[in-house]
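What follows is a single structure, written as structure tokens, with notes after it.
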Amino acid sequence: MTEELIPPDHGDIALDLRAHLRQLACFLGQSDSGAVFKALIAQAQHDPAFAEDFRARYLDEQRRRDRLPLERAVRRGQLPSDLDLAAETDQLVGPLYYRVLVTDEPVGQDFTIAWSTSFSAAHSDNTLSRRCGRPRRCRAVGDPFPLGGHPLN
């Protein structure tokens with residue numbers, strides 16, 4: 001079960017996130033293993049001892065796997081080194097788990113592509129901003145100050 005959830009490494013954060021979210025969505029929404037996983041999550045809500053064991057034996061390791069694409073991107077310089085990986089991992093996979101476990105909304109390819117693209121775009125803007133030391137955007141991605149009127153120039 002866990003081998004199918006190891007994020008691939010394509011060398012690019014956008015591709016890695018797209019592939020990982022798609023793998024996770026297929027696991028949760030379409031596989032027999034995913035159905036078992038959802039039942040175990042439900043059981044954990046009613047059995048604190050089981051919940052603790054389930055977290056220690058499975059969920060903590062899955063959380064590490066979910067964080068891998070972000071860690072790799074930080075090492076490659078595609079994301080800032082001071083990124084809060086735990087919070088960003090929650091933001092990345094949280095909507096997928098929420099749709100599967102709470103709302104039963106679809107988590108198909110359209111959703112995973114849109115979400116990974118949005119996540120990547122938001123973070124690439126932020127990384128570029130930090131590199132050039134300017135607020136929010138720099139000339140590499142579009143200058144918000146007309147006629148080059150940046151206050152730091």
Side-chain angles (χ1 to χ4, degrees), residues 1-45 50-144:
M1 175 164 88
T2 58
E3 292 79 27
E4 65 188 278
L5 295 177
I6 296 173
D9 186 357
H10 297 289
D12 178 84
I13 184 65
L15 295 175
D16 292 351
L17 293 180
R18 184 175 293 172
H20 181 55
L21 289 179
R22 187 70 200 126
Q23 282 178 320
L24 189 56
C26 287
F27 168 77
L28 291 171
Q30 300 172 7
S31 72
D32 291 340
S33 300
V36 170
F37 173 80
K38 291 186 284 188
L40 294 173
I41 289 287
Q43 178 62 30
Q45 305 312 301
F50 174 78
E52 184 177 334
D53 187 53
F54 187 51
R55 275 189 209 94
R57 294 178 70 191
Y58 178 76
L59 294 178
D60 292 345
E61 184 58 32
Q62 181 56 42
R63 189 159 169 74
R64 282 188 282 282
R65 283 189 294 272
D66 290 337
R67 200 172 41 240
L68 270 175
L70 302 179
E71 290 172 347
R72 292 172 184 154
V74 167
R75 283 194 302 269
R76 290 190 297 257
Q78 295 174 326
L79 291 173
S81 60
D82 63 345
L83 190 70
D84 182 343
L85 293 174
E88 296 300 325
T89 299
D90 290 346
Q91 290 180 21
L92 178 64
V93 300
L96 198 137
Y97 282 102
Y98 185 79
R99 280 180 168 232
V100 168
L101 297 171
V102 178
T103 67
D104 199 31
E105 291 180 73
V107 290
Q109 188 169 353
D110 290 343
F111 173 77
T112 57
I113 288 172
W115 184 236
S116 62
T117 299
S118 174
F119 188 91
S120 297
H123 288 79
S124 66
D125 275 355
N126 193 19
T127 301
L128 289 171
S129 302
R130 290 176 188 217
R131 284 186 189 156
C132 67
R134 294 188 179 166
R136 195 64 194 130
R137 290 196 169 174
C138 59
R139 292 189 201 289
V141 292
D143 194 342

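This is a predicted model, so every value here is computed, not measured.
Of all the heavy atoms in Arg99 and Pro106, the pair that sits closest is NH1-O, 2.6 Å. Smallest separation of non-hydrogen atoms from Pro69 and Ile13: O-CD1, 3.5 Å. When every heavy atom of His20 is checked against every heavy atom of Pro7, the shortest pair comes out as ND1-CG, 3.5 Å. Nearest heavy-atom pair across Leu96 and Ala25 is CD1-CB, 3.9 Å.
Remark: Leu85 pairs with Arg67, Leu70, Glu71, Val74, Leu83 by the side-chain contact (heavy atoms from CB on, under 4.5 Å) rule, at least two apart or across chains. Partners of Asp90 by salt bridge (charged side-chain N to carboxylate O under 4.0 Å, His left out), not counting sequence neighbours, listed by chain and number: Arg63. Looking at residues two or more places apart in sequence or on another chain, you find no side chain to side chain donor-acceptor pair (under 3.5 Å) involving Ser118. Asp12 is linked by a side-chain contact (heavy atoms from CB on, under 4.5 Å) to Ala14, Leu15, Gln78, counting only residues two or more places apart in sequence or in another chain. In terms of the side chain to side chain donor-acceptor pair (under 3.5 Å) criterion, Gln30 has no residue partners (sequence neighbours excluded). In this structure, the salt bridge (charged side-chain N to carboxylate O under 4.0 Å, His left out) partners of Arg64, at least two apart in sequence or on a different chain, are Glu61. Annotation: ring pair (Phe, Tyr, Trp, His ring centres under 6.0 Å) contacts of Phe50 (sequence neighbours excluded): Phe54. Under the salt bridge (charged side-chain N to carboxylate O under 4.0 Å, His left out) criterion, Arg57 pairs with Asp53, not counting sequence neighbours. Applying the side-chain contact (heavy atoms from CB on, under 4.5 Å) test to Tyr97 and every residue at least two apart in sequence or in another chain returns Leu24, Leu28, Phe37, Gln62, Asp66, Val93, Leu101. Partners of Pro8 under the side-chain contact (heavy atoms from CB on, under 4.5 Å) rule, at least two apart in sequence or in another chain, are His10, Ala19, Gln23. Under the salt bridge (charged side-chain N to carboxylate O under 4.0 Å, His left out) criterion, Arg72 pairs with Asp9, sequence neighbours left out.
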Donor-acceptor pairs under 3.5 Å, side chain of residues 108-115 to any protein atom, not counting sequence neighbours: which ones?
residue, atom, partner, partner atom, Å
Thr112, OG1, Gly108, O, 3.4
Thr112, OG1, Gln109, O, 3.2
Trp115, NE1, Leu92, O, 2.8

